[in-house]
Amino acid sequence: MIYTKWPTAAYSASAQDIAPCLLGQYLVHQTERAVYAGRIVETEAYGGTYNGKADDGSHAFHGLTKRTAPMFHQGGIVYVYLIYGMYHCVNIVTGPEGAGQAVLIRAIEPVEGIEAMLENRHMMQMKPKVTNGPGKLCQAMNITLAQNQLDLTGQEMFVARAVEKQPVSIICTPRIHIDYAVNGKSFPWRFYIQHNPYVSKA
DNA sequence: TACTGGATCCCT
DNA sequence: GGGATCCAGTAT
């Protein structure tokens, strides 16, 4: 499959603006073993402010640290982190240098490399649970800390344009699993494609 | 040097 | 509803 890569300029806007734009686009990870590609169906924006309140649900809220450094990079790189000691989450860094913003990819619909995805997930047949969650899609697409800070203008990982054959409805809700965030808990920064079976539950 | 808890997942 | 599993961040 031929993919048209997003240009650097596409990552200069804020996370909350880019998060819904990523829906329907392809996330591609090219490895020696397989080319993984998935249609992004669910995202969450992190960082910045909403109604004048800082996003205390973001890793960037406490400032630049060793772990969160990629979030403060200029938009257009990947931020991968280890969660609960056993899973990984992949984010698209956005905005100008120092902004501390990123879009978490919460779910994808497998497009290419499906056999390898099933192997990575130890599953025998295609089901939504293969990639309907941030940890699941990373395991399926073999995304680990080895991919942290990758430049999205490179060949290994990138976002590709996709033309939607039919218009899709985008739903906007508060984000998931950030009850610890006093302010950010209610920010309407989760976006997903309505009725898509690969969207995570909750 | 010790402690705490998490942008999750899976099984019970 | 709870356990797995480990490291960054924070407190001693």
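Naming: A, B, ... by sequence-line order, numbering from 1 per chain. All values derive from a computational prediction rather than experimental measurement.
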A.B. asks: Does A/Tyr87 make a side-chain N or O approach to OP1 or OP2 of C/dA4 shorter than 4.0 Å?
C.D. replies: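 Answer is no, no contact under 4.0 Å.
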
A.B. asks: Taking atom P of C/dC7 as reference, at what distance in whole Å does atom CZ of A/Arg67 sit?
C.D. replies: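 Nearest whole value for this atom pair: 12 Å.
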
A.B. asks: Name the nucleic acid region contacted by A/Gly85, choosing base, sugar-phosphate or nothing; use a 4.0 angstrom heavy-atom cut-off, strictly under.
C.D. replies: base

A.B. asks: Do other residues, nucleotides or ligands put more than 12 heavy atoms under 6.0 Å from the CD atom of A/Glu115?
C.D. replies: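 Open.
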
A.B. asks: Can the ring centres of A/Trp6 and A/Tyr11 be said to be less than 6.0 Å apart?
C.D. replies: yes

A.B. asks: Are the ring of A/Tyr180 and the base ring of B/dG6 both nearer than 5.5 Å at their centres and tilted by less than 30°?
C.D. replies: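 So A/Tyr180 does not count as stacking on the base.
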
A.B. asks: Among C/dT10, B/dA7, C/dC7, which nucleotide sits nearest the side chain of A/Arg106?
C.D. replies: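 The closest nucleotide is B/dA7.
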
A.B. asks: Closest to the A/Tyr79 side chain: C/dT10, B/dA7, C/dT5?
C.D. replies: B/dA7

A.B. asks: Please classify the nucleic acid contact of A/Ile83 as base, sugar-phosphate, or nothing, using heavy-atom distances under 4.0 Å.
C.D. replies: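 Counting heavy atoms under 4.0 Å across all strands, the contact made by A/Ile83 is with sugar-phosphate only.
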
A.B. asks: Under 4.0 Å between a side-chain N/O of A/His177 and OP1 or OP2 of B/dG6, yes or no?
C.D. replies: no

A.B. asks: Can you find a donor-acceptor N/O pair under 3.5 angstrom joining the side chain of A/Tyr81 to the base of C/dA8?
C.D. replies: no

A.B. asks: Quick one: do A/Arg175 and A/Asp55 make a salt bridge, cutoff under 4.0 Å?
C.D. replies: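 Looking at A/Asp55 together with A/Arg175, the answer is yes, because their closest N to O distance falls below 4.0 Å.
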
